[in-house]
Amino acid sequence: MVRMLVVDDEIYALKGITQGIDWSDLPIHKIMEAEDTAGAILLLEEHPVDLIISDIEMPGLGGLELLRWTRDNRPHTLTIFLTGHARFDYAQEALHNGCFDYILKPVDHDALKEVVKRALVEIELRREQQQFEEIIELGRRQWKNQLPILVERFWQELLSGRVRLTPERLKRQFDYFDIPLGEGSKVLPVLLSIEQWDIELDARDESIMEYALRKSAAEIILGEWPGTVLQDRNELNMVLLYLNDDDPADRAALLRKCNEYVAACQSYFHCRVSCYVGEGSGLGGLASSLERLQQLERSNVSAPQSVQDAAACGYEMSAAGAGIQIPSFADWGALLDNGGYEQLGMVVEDTLKQWQTEQASREALELFHYGMMSMLYRVAYRKGFSIYDVFTVSELKEYQVPRSSIQLLAWAAKMVYKMGQAIAERPRDASAVIAKVQSYIHEHLHTELTRDDIAASVYRNPAYLSRLYRKETGNSLSDYITEIRIERAKRYLIETNDKVSNIAEEVGYVHFSYFAKLFKKMTGLSPQEYRKMNQIMH
């Protein structure tokens, strides 16, 4: 429905339009009247108006002044002017300033009604256009709000190997997600390792806090630099800094920002964090760069809450002057970890046969051997068993000085197959590391358990152990400890008559009120209610 305003200083002309014309067959909801421009403006300020019919020439402020005010303050309102023959120049100026149409005086009511009908069609078209634009704007805002999530999902897919790295596909993806990278661009990863929370958190709160840490990393580490902060499918938190050939990273500034971030996490988020700063690499090598940062994280047991520069750690292996590309043993180890030993065997075979064609140097063969040995030891260590449970001493010492790529191939293929078989035969959810962790928790349940203490008992980095435990069991360390403590408390409540406060201390809770609150949250009963109910049944 439409609201219409008629403006004329001649009362008979005004009433002739508002009351002398039958408007009932048109979708006009309300007709208002004004005898001058000032009165019209007051009505326009108080009520929404879709259509104005106004005389041009009126005492004081005329119709043109009303049109200019409407154009500036109510741009969606249409105006039809009434003009006399003697002042046709007014009509021309009105059209120039955006008037919809004009009618000559004296007014022909039928002609005016026809013009109004056309104006109503235009109003409906404008409304539809406005609704369409509002829908587009809503979609644009929703897209903008969802874009960080979509960008994170893109990087998750890419890091898990699910995105084809063809130039055409990447360009489409970069354009679609507004990622400022090109075919020759590089990405510099920074691994954010959460080592310890100084406050007790359940799994949900920890997830919320990790999100806050990522937001903080975007502000402190990235700042105005192009990039993104995300968590991959293995729950690794990371910063990806976008690099271009003509815009190299200021490494000193990046390390300084990482130090600021480590300090801020301690001050504001009550947690201890380390940053592992990688080197710029193409998208094809990004997963390998992150694996090297994880290696650095796993080996860092003496410098917690620090910034580690991978560029100063010499992780890249190369055969100087040999012209041979050394493979990424980190990627190979990950493939072996995930049960892909048959696929890895084929990759090893292809690599060494290619080396035979390229006449690899003795130094390159030695590097390959040492890389394979390091990979096998790391895989065994991550899986929680001794390397000597899989190989004999003589097998480990074979070809310490390789003489040819063919001989090295026979040894490497055998080692990969035996390690793959050993991993396949071990239940994934009952690895030795997890068993040792759970045993340690049971034995020390009465103490104030910390993640650092648990990690030290199995000689692992705390952040790495937390991810490993969640991956193997589907549960967090903190949730497992809470479950075991509550289960033991329930047994004590049923089988003994000890005071509830003493039982709380026996299962590791110094503050009785916290224990009681947590017990009721998990069982639906207070400790006293649980004892009363179950001792009677028992």
Side-chain angles (χ1 to χ4, degrees), residues 155-165 191 231-236 238 284-295 297-299 326-353 368-392 395-396 398 408-438 458-461 463-477:
W155 286 111
Q156 288 173 344
E157 296 288 314
L158 185 142
L159 292 171
S160 61
R162 298 179 184 178
V163 176
R164 293 174 56 202
L165 299 178
L191 178 63
Q231 184 179 71
D232 75 356
R233 298 189 183 279
N234 295 317
E235 299 188 349
L236 286 175
M238 67 188 72
L286 183 56
S288 298
S289 297
L290 282 167
E291 174 62 25
R292 285 190 285 275
L293 294 182
Q294 291 179 73
Q295 291 177 14
E297 178 197 37
R298 284 192 290 269
S299 63
I326 301 297
S328 171
F329 292 105
D331 289 349
W332 285 12
L335 191 59
L336 195 53
D337 270 344
N338 294 317
Y341 67 93
E342 293 180 338
Q343 181 182 353
L344 178 57
M346 291 187 288
V347 173
V348 169
E349 181 178 359
D350 291 342
T351 299
L352 289 175
K353 284 184 176 179
F368 184 97
H369 177 266
Y370 294 142
M372 282 289 297
M373 289 294 292
S374 175
M375 178 195 73
L376 293 171
Y377 273 91
R378 286 181 179 277
V379 169
Y381 184 79
R382 287 197 294 268
K383 293 298 180 182
F385 55 84
S386 170
I387 193 87
Y388 295 102
D389 294 338
V390 184
F391 306 110
T392 65
E395 286 174 331
L396 294 172
E398 273 185 301
L408 191 58
L409 172 59
W411 171 81
K414 179 179 67 175
M415 302 295 276
V416 166
Y417 179 81
K418 289 195 69 173
M419 180 61 82
Q421 287 289 303
I423 294 172
E425 291 169 2
R426 297 177 65 86
R428 292 181 61 84
D429 60 348
S431 70
V433 171
I434 300 304
K436 290 177 182 177
V437 166
Q438 292 176 342
V458 290
Y459 309 102
R460 295 295 193 278
N461 175 277
Y464 168 73
L465 177 64
S466 290
R467 290 198 302 271
L468 176 65
Y469 192 92
R470 188 186 292 274
K471 181 179 179 182
E472 291 285 335
T473 68
N475 204 1
S476 69
L477 271 173

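In this chain, numbering begins with 1 at the start of the sequence shown. Values below: all heavy atoms of this structure, side chains included; hydrogens, waters and symmetry mates excluded. What you are looking at is a predicted structure, and each value in this text was computed from that prediction instead of being measured.
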- Can you tell if the side chain of E342 reaches within under 4.5 Å of the side chain of Y417, non-hydrogen atoms only? no
- One should read off an interatomic distance between E291 CD and L286 CG, to the nearest 0.5 angstrom, of 12.0 Å
- Verify, without hydrogens or angle tests, whether E349 (side chain) and A413 (backbone) share a donor-acceptor contact under 3.5 angstrom. no
- Query: Where is the tightest heavy-atom contact between V416 and L336, given as atom of each residue plus distance?
  - Reply: O-CD1, 4.1 Å
- Closest heavy-atom pair, I387 versus A380, reported as atoms and distance to 0.1 Å, is CD1-CB, 4.1 Å
- Start with the C-alpha gap between E297 and R292, add the side-chain angles, then the distance that decides, and say whether salt bridge (charged side-chain N to carboxylate O under 4.0 Å, His left out) holds. CA-CA 9 Å; E297 178 197 37; R292 285 190 285 275; over 6 Å; no
- Non-neighbouring partners of Y464 that pass ring-ring contact (aromatic ring centres under 6.0 Å, His included), sequence neighbours left out: none
- Message: Pair L290, D232 - check side chain to side chain contact (heavy atoms under 4.5 Å, CB included), show working.
- Response: CA-CA 11 Å; L290 282 167; D232 75 356; 5.5 Å; no
- Query: Which distance, rounded to the nearest 0.5 Å, do you find between the CG of L159 and the CG of L236?
  - Reply: 9.0 Å
- Query: Y381 ring centre to R460 NZ or CZ under 6.0 Å, with the angle to the axis within 45°?
  - Reply: yes
- Message: I'd like to know if K471 pairs up with E235 as an ion pair, taking the criterion as any Lys NZ or Arg NE/NH1/NH2 lying under 4.0 Å from an Asp or Glu carboxylate oxygen.
- Response: no
- Note on the structure: Minimal heavy-atom distance between R467 and N234, with the atoms involved, is CD-O, 3.6 Å
- Message: Which heavy atom of L352 sits nearest to which heavy atom of L408, and what is that distance?
- Response: CD1-C, 3.9 Å
- Task: Sequence neighbours left out, what passes side chain to side chain donor-acceptor pair (under 3.5 Å) with W332? Give chain and number order.
- Result: none
- Message: So, taking the atom named CD1 in I423 and the one named NZ in K418, what distance separates them when rounded to the nearest 0.5 Å?
- Response: 13.5 Å
- Quick one: CE on M238 to CG on L293, what's the gap to the nearest 0.5 Å? 9.0 Å
- T473 versus Q438, closest heavy-atom pair with distance: CG2-NE2, 4.4 Å
- Is there a side chain to side chain contact (heavy atoms under 4.5 Å, CB included) between Y341 and M419 once you walk through the steps? CA-CA 8 Å; Y341 67 93; M419 180 61 82; over 6 Å; no
- Message: To check you understand the geometry: which heavy-atom pair defines the closest contact between N475 and Y469, and what is its length?
- Response: O-CD2, 3.3 Å
- Query: How long is the span from the CG atom in L409 to the CZ atom in F368, to the nearest 0.5 Å?
  - Reply: 8.0 Å
- Note on the structure: Between the OG atom in S374 and the CZ atom in R378, the distance rounded to the nearest 0.5 Å is 4.5 Å
